[in-house]
Protein chains: 2
Amino acid sequence: MTQPSSQTSYAVSRCNCTALRKASRRLSLMYDATLAPCGLKSTQFSILSEIERRHDKPPTMSELADAMVMDRSTLGHNLRPLERDGLIALKAADADRRWKHVHLTKKGLEKYSHAHSLWREAQHHFEGSFGRDKADHLRETLLGIAADPALASIPSQPIVSQR
Amino acid sequence: MTQPSSQTSYAVSRCNCTALRKASRRLSLMYDATLAPCGLKSTQFSILSEIERRHDKPPTMSELADAMVMDRSTLGHNLRPLERDGLIALKAADADRRWKHVHLTKKGLEKYSHAHSLWREAQHHFEGSFGRDKADHLRETLLGIAADPALASIPSQPIVSQR
DNA sequence: TATTAATAGGGGCATATCCCGGTATTGGAA
DNA sequence: TTCCAATACCGGGATATGCCCCTATTAATA
């Protein structure tokens with residue numbers, strides 16, 4: 001109707017990456033606005049959460065980057081404001097001086113607690129309109145994509161099998 | 001099993017925004033790598049696609065930003081490199097001098113054609129491992145989130161109804 | 001008509017994200 | 001032991017993203 005009828009349907013409106021990024025922008029907006037009172041962005045909250053979750057075994061920067069599905073450099077850049085504000089601290093490892101373990105400071109833990117209560121509001125707000133079960137399912141799907149090793153590489157050879 | 005048993009389950013590992021952003025980073029990585037030969041990023045390709053799709057009625061910046069689920073400022077910033085490289089052009093409207101219509105240049109259309117063939121590879125690569133029907137469904141879900149007006153606002157009052 | 005309100009964009013600022021190349025450290029090989 | 005490859009992190013550069021404030025233009029109102 002609105003699109004050229006084609007069984008192969010190469011319409012760019014079908015772009016999975018575009019849809020993912022649009023949804024990401026929209027949802028991030030709401031989470032960011034909800035977290036605003038504590039001064040954290042959604043990404044910063046995600047990072048603090050992951051560090052807190054591993055408080056018994058502080059991850060190295062590479063380990064944390066992997067867990068965040070984030071480039072090592074990106075994580076490094078993202079940690080800087082958190083370190084500047086005294087929420088996290090980096091500690092060189094004795095076993096390997098190249099490693100830097102990331103851990104929460106007392107101030108960081110307090111900030112995280114505040115953020116966590118705000119985060120629940122955002123979480124409820126979304127699941128209230130979207131549906132909790134649907135959210136659970138969607139999240140699993142998304143985390144599956146995030147961890148998919150098949151996506152870690154580019155198409156080695158053009159897939160022209162479509163004839 | 002892996003999480004503290006709680007019916008309310010406030011575990012941050014359940015964060016929908018985090019999952020969305022992780023998946024977005026991962027998938028963008030693959031699309032970016034696949035588009036690399038033409039020199040466009042996935043966001044730039046998305047923008048050019050939307051402009052091309054509306055070539056018969058070039059959108060204003062605000063209209064384009066809405067379609068992209070993107071902040072007006074963000075779109076403005078993103079258009080700069082495209083304009084600098086001569087792929088798009090801005091044209092002030094006669095009806096309202098505040099409006100600036102965005103349209104593809106000849107060079108931009110050529111670039112888009114090249115990018116489109118690369119995009120299909122990325123699209124096939126993803127759908128090949130993820131499944132085409134699943135992708136169709138996921139995309140609809142994501143675009144629904146992107147367009148959800150309920151998410152356009154922050155939780156006005158904390159939802160503590162969880163007791 | 002004159003004032004005021006609303007709208008469209010632009011500029012600056014801060015974070016987010018990735019790539020590339022460089023440095024320091026470590027472990028293995030000659 | 002010395003050299004070399006691999007690994008962990010860092011710094012710079014470019015785009016991505018959103019917020020706030022400012023200006024220009026238009027629309028609404030007194």
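- Heavy-atom distances to DNA chain D give each of A:Met61 and A:Arg21 a nearest nucleotide, and the one nearer the 5′ end belongs to A:Met61.
- At whole-Å resolution of the value, CD1 in B:Ile47 and P in D:dT15 are 12 Å apart.
- Rounded to an integer number of Å, the gap from CD1 of A:Ile88 to C1' of D:dC9 is 14 Å.
- In this structure, B:Leu79 atom CG and C:dG10 atom C1' are separated by 12 Å, rounded to whole Å.
- Note on B:Lys41: every side-chain N or O is 4.0 Å or more away from OP1 and OP2 of C:dT17.
- Remark: P of D:dT17 and CZ of B:Arg25 are 13 Å apart, rounded to the nearest angstrom.
- With B:Lys111 as the partner, the side-chain contact (heavy atoms from CB on, under 4.5 Å) test is satisfied by one option alone out of B:Thr105, B:Ile88, B:Leu87, B:Leu104: B:Leu87.
- Between the side chains of B:Asn78 and B:Gln44, no donor-acceptor pair of N or O atoms lies under 3.5 Å.
- Atom NE2 of B:His114 sits in a crowded spot, with more than 12 heavy atoms from other residues, nucleotides or ligands closer than 6.0 Å.
- Donor-acceptor pairing under 3.5 Å is recorded for the side chains of A:Ser28 and B:Arg21.
- Per the geometry, OH belonging to A:Tyr31 stands 18 Å off C1' belonging to D:dG18, to the nearest Å.
- Nearest-nucleotide mapping onto DNA chain C: of A:His77 and B:Ser73, the residue sitting toward the 5' end is B:Ser73.
- Between A:Arg97 and D:dT7 there is no side-chain N or O to OP1 or OP2 distance below 4.0 Å.
- The nearest heavy atom of DNA chain C to B:Arg80 and to A:Arg84 marks one nucleotide each, and the one closer to the 5' end goes with B:Arg80.
- The distance between atom CG of A:Asp96 and atom P of D:dA6, rounded to the nearest whole Å, is 17 Å.
- For D:dA8, neither phosphate oxygen OP1 nor OP2 lies less than 4.0 angstrom from any side-chain nitrogen or oxygen of A:Thr60.
- Nearest to the side-chain atoms of B:Met70 among the listed nucleotides D:dG18, D:dC10, C:dG9 stands D:dG18.
- Residue-level contact check: A:Thr74 touches the bases, meaning some heavy atom is under 4.0 Å from a base atom.
- For A:Leu29, counting side-chain heavy atoms from C-beta on, the closest listed nucleotide (D:dC10, D:dG18, C:dC18) is D:dG18.
- At a threshold of 4.0 angstrom between heavy atoms, the contacts of B:Asn78 include nucleobase atoms, whether or not backbone atoms are also involved.
- Taking 4.0 Å as the cut-off between side-chain N and carboxylate O, B:Asp136 and A:Arg14 count as a salt-bridged pair.
- A:Gln123 and A:Tyr31 make their closest contact through OE1-OH, 2.6 Å (heavy atoms, listed as atom of the first residue, atom of the second, distance).
- A straight line from NZ of B:Lys100 to P of D:dT25 spans 11 Å, rounded to a whole angstrom.
- With hydrogens and angles ignored, a donor-acceptor pair closer than 3.5 Å exists between the side chain of A:Arg98 and the base of D:dT7.
- Here B:Ser28 lies out of heavy-atom contact (under 4.0 Å) with every strand.
- Mapped onto DNA chain D by nearest heavy atom, B:Val69 and B:Asp85 fall at different nucleotides, with B:Asp85 at the one closer to the 5' end.
- Computed from coordinates, the A:Trp99 CH2 to C:dT26 P distance equals 10 Å when rounded to whole Å.
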